[in-house]
Amino acid sequence: MKKLHRGFYQRKNVLQVAKELVGKILVTKFGGIETSGRIVEVEAYAGIIDKASHAFGGKRTARNEVMYGEGGAAYVYLCYGIHHLFNVVTNYREVPHAVLIRALEPIEGVETMLKRTGKKKPDHTLTRGPGNLSKALGIYTQHSGISLQSKELFITDDDFVFKKNQIAASPRIGVDYAGDHSLWPYRFFVKDNPFVSGKLK
DNA sequence: CGACCGATCGTCT
DNA sequence: GACGATCGGTCGA
C-alpha cells in the first residue's frame, strides 16, 4: 500500500491523472476509524477552457480557490444544498484542474459507512455516485483544501490494475449546462461494475 | 422501466 | 433571488 505522492497529482494532463485514479484506493481515517474503497468511476474537469468546470473562464471565488492551488489537495463543495462532492486537485499552482471521484467499491469500514449513510444493507448504492461516497467516507466541505498527504484523507496504490478493456470513457454526467463541452468524453469508469453511477449498464 | 419531483442551502449575481 | 458536477422516492404506462 503506497500513498500516492505529490508528483502523481502535479502533472499537466488531467485526463491521464483521471484514468490512473481508476483502480486506486481512497482512504479516510477520521477519528481513528478507517473507511476505504477502490475508485471505479471518475470525471476530469479541465479548468479555464472547460465550460463544465467551476473554474471556466478563469473564474475565481472563495469556493473554488483551492482549485488554483497546487495539485494534491482535496476540493469539496456542496451540491444542491445536500451533497458534498469530493474532487482531487491536479496540475500546478494557478492551473485549476480537478478530478471528481464518482464511485467506489467499498473495502474497509463497511459497518461505519452504513452508520454514516443510515443504510441497512451494504448494497451497491452505498458508495455509488459522488454524493453517496462522500457521505459513506465522512467527507464534507470542511475538508476542502486539505492535502492528500494528510493522515486522515489520502489515496493509495496497492498495485491492483484493471485491464485496459475493462475501462470505458463517456460524456460526463449532469453537466448539460456546459453545452457542447458536456459531450467531452471525460468520464472514465469500470465496465459492468455495479457501483458505477449513471444509467444502468 | 422512464419521467418527474422535492429536499435543502451555500454561493454568486 | 436563482441555481446547481445529486439522490431517492413516486407515479404512470
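First the proteins, then the strands, lettered A, B, ... as listed; each starts at 1. Just so it is clear, the values below take in all heavy atoms, side chains as well, and ignore hydrogens, waters and symmetry mates.
Rounded to whole Å, the C1' atom of C:dG8 lies 22 Å from the corresponding atom of B:dG10.
For A:Thr61, the listed nucleotide lying nearest its side chain is B:dC12; candidates were B:dG10, B:dC12, C:dA5. In this structure, the nucleotide among C:dA5, B:dT13, C:dC7 sitting nearest to the side chain of A:Lys59 is B:dT13. Comparing C:dC7, B:dT11, C:dG4 against the side chain of A:Asn132 picks out C:dC7 as the nearest. The side chain of A:Leu78 has B:dG10 as its nearest neighbour among B:dT11, B:dG10, C:dT6.
The partner of C:dC7 is B:dG6, by the rule that a Watson-Crick or G-U pair needs both atom distances under 3.5 Å.
Among the atoms of the strands shown, none is found under 4.0 Å from any heavy atom of A:Lys51. Backbone-only contact: A:Arg63 has heavy atoms under 4.0 Å from sugar-phosphate atoms and none from a base. Using a 4.0 Å heavy-atom distance criterion, A:Leu85 is classed as a sugar-phosphate-only contact.
Evaluated for a side chain to side chain donor-acceptor pair (under 3.5 Å) with A:Asp158, the options A:Lys24, A:Arg38, A:Lys2 yield exactly one hit, A:Arg38.
C:dC3 atom P lies 17 Å from atom CD1 of A:Ile82, rounded to whole Å. One interatomic measurement links the two molecules: CD1 of A:Ile139 to P of C:dT6, which rounds to 16 Å at whole-angstrom precision. Spacing between atom CG of A:Asp123 and atom P of C:dG8 amounts to 9 Å, rounded to whole angstrom units. B:dA3 atom P lies 13 Å from atom CG of A:Asp176, rounded to whole Å. Here the P atom of nucleotide C:dA5 and the CE atom of A:Met67 are 11 Å apart, to the nearest Å. Atom NE2 of A:His84 and atom P of C:dT6 are 14 Å apart (whole Å). Per the geometry, OH belonging to A:Tyr177 stands 14 Å off P belonging to B:dC12, to the nearest Å. Atom OH of A:Tyr80 and atom P of B:dC12 are 17 Å apart (whole Å).
Residues A:His54 and A:Tyr75 bring a donor and an acceptor atom of their side chains to less than 3.5 Å of each other.
Contact between the side-chain N/O atoms of A:Tyr77 and the OP1/OP2 oxygens of B:dG10 is not found at any separation under 4.0 Å. Within the structure, a side-chain polar atom (N or O) of A:Lys119 is placed less than 4.0 Å from OP1 or OP2 of C:dG8.
In this structure, the side chains of A:Lys19 and A:Ile167 stay at 4.5 Å or more apart for every pair of heavy atoms.
More than 12 heavy atoms of other residues, nucleotides or ligands sit less than 6.0 Å from atom CG of A:Leu183.
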Requested in this report: Please report the C-alpha distance between A:Arg60 and A:Glu94 in whole Å, then the side-chain angles of each, then the deciding distance to 0.1 Å, and finally whether the salt bridge (Lys or Arg N to Asp or Glu O under 4.0 Å) criterion is met.
Outcome: CA-CA 10 Å; A:Arg60 197 161 186 154; A:Glu94 297 304 321; 2.8 Å; yes
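The base of C:dA5 lies outside donor-acceptor range of the side chain of A:His83, with no N or O pair under 3.5 Å.
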